[in-house]
Enquirer: 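After the C-alpha cells below, expect a handful of questions from me.
Start at 1 and go down the list; that is how both ligands and their atoms are numbered. The first residue in the sequence is number 1, and the count goes up from there.
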Amino acid sequence: MTAAEAVKTLDGWYCLHDMRTVDWTSWKMASREDRDEAIQEFKQLLTDWEEVEQAENGSHVLYQVLGHKADMMFMILRPSLNELTDVETAFNKSKLAEFLQPVYSYVSVVEMSQYSGNASADDPKVRDRLYPILPKWEHMCFYPMDKRREGEENWYSLSFKERAGLLYEHSKTGRQYSGNVKQIITGSFGFDDWEWGVTLFAHDALQLKKLVYEMRFDEVSAKYGEFGTFFVGNHLAKDGLDTYLHV
Ligand code: VOV
C-alpha cells in the first residue's frame, strides 16, 4: 500500500491552554493585604496582555470553569513558543499563582489545513483565522482530540480525496452554527498528548452541546474521532475578578 499524502497546513500563533484550581483554603487564610496585592498584580498582568492584544501580537481569554476539573481556564496565543513560555513563567511567579494549582495544560498552534485549495497566508481572511483575536463570548469549551487509527478505521491511511470529502461534510455541519459558535482548531502533533485542540466559543451554552452532538453523526467524527477531557466555562472579565476572588 502506498502512503496517503499528508495535508499541508498553515500555522499561526502558538497556543497554551492552562487550567488551574483555586486553593480557597489558603486564599481565605491569607491576609487581606496579601489578597489585594495578589489581585492588583494579576490585573496588571492582564493589562500588559491587553496591550499585546491591542498591538495584535497575541491574544488571551480567561474563563471560570464548572465542575471539579478546574476553576480557571486561560487560553493564551503568542507568535512563538518562547513568548508563550515567558507569559506562563511570569504568571507562575505572580502572587496569585501561589494560591492556584495547575491541573491541566495543552500546547498547540493555530492550524488551518489545506484540503480545499491553497489558501494564502497573505489573504486577510486567512490571517484572521491564523492570528485570531479571541472572542470574549459568554461561554467557552475546550477538548483535545485524535483521529482514530485502528484496523479499518484509520484516518491516516485514507486518501487525501477521501479525507477532504469527509471534512467538507464536517464543515457543512459547522457552518450551520455560524454566528452562534466560533471554533478555533489548534494542531498539537509533536507538542502534546493528543493531535488537535478544539476550542469553541458561544453566547448560549446550549449551542456548544448542540454542535458537538450534531457533529458526532458526521462520518469524520463518528468513525474517526477520539476525544479527551472536556472543560466548559463562563467568561471571567478583568472587572469580574474582585467579585470572583472575594472571600
Ligand atoms: C463551528 C463550526 C465548525 C466549522 C465551520 C468547521 C469547519 C472546518 C473546516 C472547513 C475544516 C478544514 C479546513 C481547516 O480549516 O482546517 C475543519 C478542520 C477541522 N475541524 Fe472543524 N469546524 C467546526 C467545528 C469543529 C468541531 C466542533 C470539531 C471537533 C470535532 C467533534 O466532532 O467534536 C472540529 C474539528 C476539526 C479538526 C480536528 C480539523 C482538522 C482536520 C484535519 O485533518 O486537518 N471542528 N473544520
Side-chain angles (χ1 to χ4, degrees), residues 3-15 17 61 75 77 106-121 123-132 134-135 137-150 153-233:
E5 188 195 339
V7 68
K8 295 216 167 21
T9 59
L10 290 174
D11 302 275
W13 278 337
Y14 289 85
C15 177
H17 289 80
V61 282
M75 178 177 182
L77 300 174
Y106 204 78
V107 179
S108 54
V109 60
V110 179
E111 180 191 284
M112 238 180 107
S113 54
Q114 299 262 50
Y115 278 109
S116 52
N118 282 324
S120 156
D123 178 342
K125 277 202 193 119
V126 173
R127 290 191 62 80
D128 286 350
R129 286 270 313 273
L130 297 174
Y131 309 104
L134 298 172
W137 290 6
E138 190 54 30
H139 304 286
M140 170 180 163
C141 159
F142 169 78
Y143 53 99
M145 69 172 288
D146 282 345
K147 291 282 173 65
R148 187 171 297 142
R149 41 182 174 296
E150 266 173 37
E153 276 152 15
N154 187 337
W155 176 256
Y156 297 94
S157 59
L158 294 181
S159 70
F160 184 96
K161 207 170 152 215
E162 283 169 306
R163 286 179 282 131
L166 290 172
L167 280 174
Y168 176 66
E169 291 306 315
H170 160 89
S171 71
K172 281 205 295 196
T173 305
R175 269 196 274 276
Q176 290 168 30
Y177 290 80
S178 160
N180 291 320
V181 179
K182 179 165 172 56
Q183 92 281 16
I184 296 184
I185 302 301
T186 52
S188 42
F189 293 81
F191 290 168
D192 220 315
D193 298 343
W194 297 76
E195 295 169 344
W196 287 276
V198 180
T199 307
L200 306 173
F201 296 93
H203 303 292
D204 171 6
L206 213 45
Q207 293 296 316
L208 298 171
K209 173 178 177 287
K210 286 183 188 296
L211 168 68
V212 175
Y213 175 67
E214 201 177 336
M215 279 202 169
R216 284 293 190 274
F217 295 90
D218 281 332
E219 197 174 341
V220 61
S221 293
K223 261 184 148 170
Y224 302 102
E226 310 251 15
F227 303 96
T229 306
F230 281 70
F231 295 88
V232 66

Enquirer: Enumerate the atoms of ligand 1 whose separation from the nearest heavy atom of R175 is less than 4.0 angstrom.
Expert: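 So the answer, numbered in order with elements, is 5 (C).
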Enquirer: Please say whether the positively charged group of K223, taken as NZ for Lys or CZ for Arg, lies over the ring of W155, i.e. under 6.0 angstrom from the six-membered ring centre and within 45 degrees of the axis.
Expert: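 Ring-cation test returns no.
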Enquirer: Report, in ascending order of atom number, the atoms of ligand 1 lying under 4.0 Å from any heavy atom of V198.
Expert: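 So the answer, numbered in order with elements, is 28 (C), 29 (C).
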Enquirer: Is the shortest N/O to N/O distance between S221 and ligand 1 below 3.5 Å?
Expert: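 Yes, S221 has an N/O under 3.5 Å of an N/O on ligand 1.
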Enquirer: Only heavy atoms of R129, strictly under 4.0 Å: list the atoms of ligand 1 that pass.
Expert: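 Answer for ligand 1: 14 (C), 15 (O).
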Enquirer: Near M112, which atoms of ligand 1 are under 4.0 Å from a heavy atom of that residue?
Expert: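 Answer, ordered by atom number: 15 (O), 16 (O).
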Enquirer: Below 3.5 angstrom, do we get any N/O pair linking K182 and ligand 1?
Expert: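 Between K182 and ligand 1 (N or O atoms, distance only) the closest approach is not under 3.5 Å.
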Enquirer: Hey, which atoms in ligand 1 end up nearer than 4.0 Å to a heavy atom of R216?
Expert: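 Those atoms are 32 (O), 33 (O).
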Enquirer: Based purely on interatomic distance, does H170 place a nitrogen or oxygen under 3.5 Å from a nitrogen or oxygen of ligand 1?
Expert: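 Among all N and O atoms of H170, at least one is under 3.5 Å from an N or O of ligand 1.
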Enquirer: Answer with side chain, backbone, both or neither: which part of V220 has a heavy atom less than 4.0 angstrom from an atom of ligand 1?
Expert: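 The answer is neither.
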Enquirer: Using heavy-atom distances only, which candidate in L167, N180, V7, L200 approaches atom 18 (C) of ligand 1 most closely?
Expert: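 Comparing heavy atoms across L167, N180, V7, L200, the nearest one to atom 18 (C) of ligand 1 lies in L167.
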Enquirer: A side-chain contact here means heavy atoms from C-beta on lying under 4.5 Å apart; do F142 and M75 qualify?
Expert: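 Counting from C-beta outward, F142 and M75 never come under 4.5 Å.
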Enquirer: Looking only at distances, can you tell me whether any N or O atom of Y177, backbone or side chain, sits closer than 3.5 Å to an N or O atom of ligand 1?
Expert: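 No - when backbone and side-chain N and O of Y177 are compared with those of ligand 1, no distance drops under 3.5 Å.
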Enquirer: Give the numbers and elements of all ligand 1 atoms closer than 4.0 Å to a heavy atom of K147.
Expert: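 Those qualifying, in numeric order: 41 (C), 42 (C), 43 (O).
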Enquirer: Within the structure, is a non-hydrogen atom of Y168 found at a distance of less than 4.0 Å from ligand 1?
Expert: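 No; Y168 lies far enough from ligand 1 that no heavy-atom distance drops under 4.0 Å.
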Enquirer: Using a 4.0 Å cut-off to any heavy atom of S113, which atoms of ligand 1 qualify?
Expert: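 Matching atoms, with element in brackets: 12 (C), 13 (C), 14 (C), 16 (O), 44 (O).
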Enquirer: Which is closest to atom 26 (C) of ligand 1 by heavy-atom distance: M145, M215, Q183?
Expert: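 Comparing heavy atoms across M145, M215, Q183, the nearest one to atom 26 (C) of ligand 1 lies in M215.
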Enquirer: Which protein heavy atom lies closest to atom 29 (C) of ligand 1, and at what distance to 0.1 Å?
Expert: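 Minimum-distance protein heavy atom for atom 29 (C) of ligand 1 reads Y143 OH, 3.3 Å.
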Enquirer: Nearest protein heavy atom to atom 2 (C) of ligand 1, by residue and atom, and its distance?
Expert: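 So the nearest neighbour among protein heavy atoms is G174 CA, 3.3 Å.
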Enquirer: Which bit of E195 is near ligand 1, meaning a heavy atom under 4.0 Å away: side chain, backbone, both or neither?
Expert: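 Contact part for E195 vs ligand 1: neither.
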Enquirer: Closer than 3.5 angstrom, by distance alone: can the side chain of S188 be matched with the main-chain N or O of E195 as a donor-acceptor pair?
Expert: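 Flag set: sc S188 to bb E195 pair under 3.5 Å.
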Enquirer: Is the charged tip of R216 near the ring of F227: under 6.0 Å from the six-membered ring centre and within 45° of its axis?
Expert: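 Yes, R216 sits over the ring of F227.
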Enquirer: Below 4.0 angstrom from a heavy atom of S171, which ligand 1 atoms are there? Numbered from 1 as shown, please.
Expert: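 Result: 7 (C), 9 (C), 10 (C).
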